[in-house]
Undergrad: 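Just dropping this structure here.
If you're wondering where the values come from, they're calculated on a predicted model, not measured in any experiment.
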Amino acid sequence: MANFTGKDLVYKDYSPTVDGGDNPEYIGPLDRKKVDKTEEYEVVDFCNNFMDKHNLKIKESFQKVERLLRHKDIKTEVDREKLIKWIEINWNK
């Protein structure tokens, strides 16, 4: 499993703790379906999981996932599967 941490992130403006940015109704399975892109833990977890899914190993790839997660075309998207799909499609663009 990819094991990068918050120290490996490019951007440093994430909340280090749960910041309440998620809808409080998002609990259990629904919470796992959404990604709060303002929380360090969720961004690190998303990037590491994407890395594992695609057998990526290097820090540059981890940071590329992070940068793509902030792309203007998906700025307001929070659905995990839609984010994954968009990053997969746009990886080599």
Undergrad: Do Asn48 and Asp52 meet the criterion of a side-chain donor-acceptor pair at a distance under 3.5 Å?
TA: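 Side-chain D/A pair, Asn48 to Asp52: absent.
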
Undergrad: Please name the pair of heavy atoms, one in Trp91 and one in Val65, separated by the smallest distance, quoted to 0.1 Å.
TA: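 Of all heavy-atom pairs spanning Trp91 and Val65, the closest is CZ3-CG2, 3.6 Å.
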
Undergrad: Taking atom OH of Tyr41 as the centre, does the number of heavy atoms from other residues, nucleotides or ligands within less than 6.0 Å exceed 12?
TA: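 Atom OH in Tyr41 is not crowded, with 12 or fewer foreign heavy atoms closer than 6.0 Å.
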
Undergrad: Without swapping roles, check the side chain of Lys33 against the backbone of Arg80 for a donor-acceptor pair under 3.5 Å.
TA: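 Side chain of Lys33 to backbone of Arg80: no pair is present.
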
Undergrad: Look up atom SG in Cys47 and atom CZ in Arg67, then write down how far apart they are to the nearest 0.5 Å.
TA: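 So the SG of Cys47 and the CZ of Arg67 are separated by 10.0 Å.
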
Undergrad: Between the side chains of Glu66 and Tyr14, does any donor sit under 3.5 Å from an acceptor?
TA: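 Result is yes, a qualifying pair exists.
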
Undergrad: Run the numbers on His54 and Glu88 for side chain to side chain contact (heavy atoms under 4.5 Å, CB included), then give the verdict.
TA: CA-CA 9 Å; His54 296 284; Glu88 289 171 343; 2.9 Å; yes

Undergrad: Is Met51 reachable from Tyr11 through a run of hydrophobic residues whose side-chain heavy atoms are each under 4.5 Å from the next?
TA: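 As far as the 4.5 Å side-chain criterion goes, Met51 and Tyr11 are connected within one cluster.
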
Undergrad: Please give me the minimum heavy-atom distance between Lys34 and Glu42, naming the atom from each residue.
TA: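 The answer is O-OE1, 3.7 Å.
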
Undergrad: Quick one, Val78 and Asp36 - any side-chain contact, counting heavy atoms below 4.5 Å?
TA: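 No, every pair of side-chain atoms sits at 4.5 Å or beyond.
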
Undergrad: Distance from Glu39 atom CD to Asp45 atom CG, nearest 0.5 Å?
TA: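 With rounding to 0.5 Å, CD (Glu39) is 11.0 Å from CG (Asp45).
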
Undergrad: Can you tell me if Asn49 uses its side chain to pair, donor with acceptor, with the backbone of Phe46 under 3.5 Å?
TA: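 No.
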
Undergrad: Check whether any side-chain heavy atom of Ser61 lies under 4.5 Å from a side-chain heavy atom of Phe4, and answer yes or no.
TA: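 Not touching, per the 4.5 Å side-chain cut-off.
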
Undergrad: Any chance you could lay out the side chain to side chain contact (heavy atoms under 4.5 Å, CB included) test for Leu56 and Phe50, step after step, and finish with the verdict?
TA: CA-CA 8 Å; Leu56 301 168; Phe50 188 92; 4.2 Å; yes

Undergrad: How close do Leu68 and Ile74 get, counting heavy atoms only, and between which atoms?
TA: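 Looks like O-CD1, 3.3 Å.
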
Undergrad: Grab the two heavy atoms, one from Gln63 and one from Leu9, that are nearest each other, plus how far apart they are.
TA: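 Smallest heavy-atom distance, with atoms named: NE2-C, 4.3 Å.
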
Undergrad: Do Ile87 and Ile84 make a side-chain contact, defined as non-hydrogen atoms from C-beta onward lying under 4.5 Å apart?
TA: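 Answer no - side chains too far apart.
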
Undergrad: Given 3.5 Å as the limit, does a donor-acceptor pair link the side chain of Asp79 with the main chain of Lys82, or not?
TA: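 Judged by distance alone, yes, a pair lies under 3.5 Å.
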
Undergrad: Does Lys37 reach the main-chain N or O of Lys75 with its side chain, forming a donor-acceptor pair under 3.5 Å?
TA: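 Checking the backbone N and O of Lys75 against the side chain of Lys37, a donor-acceptor pair under 3.5 Å is found.
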
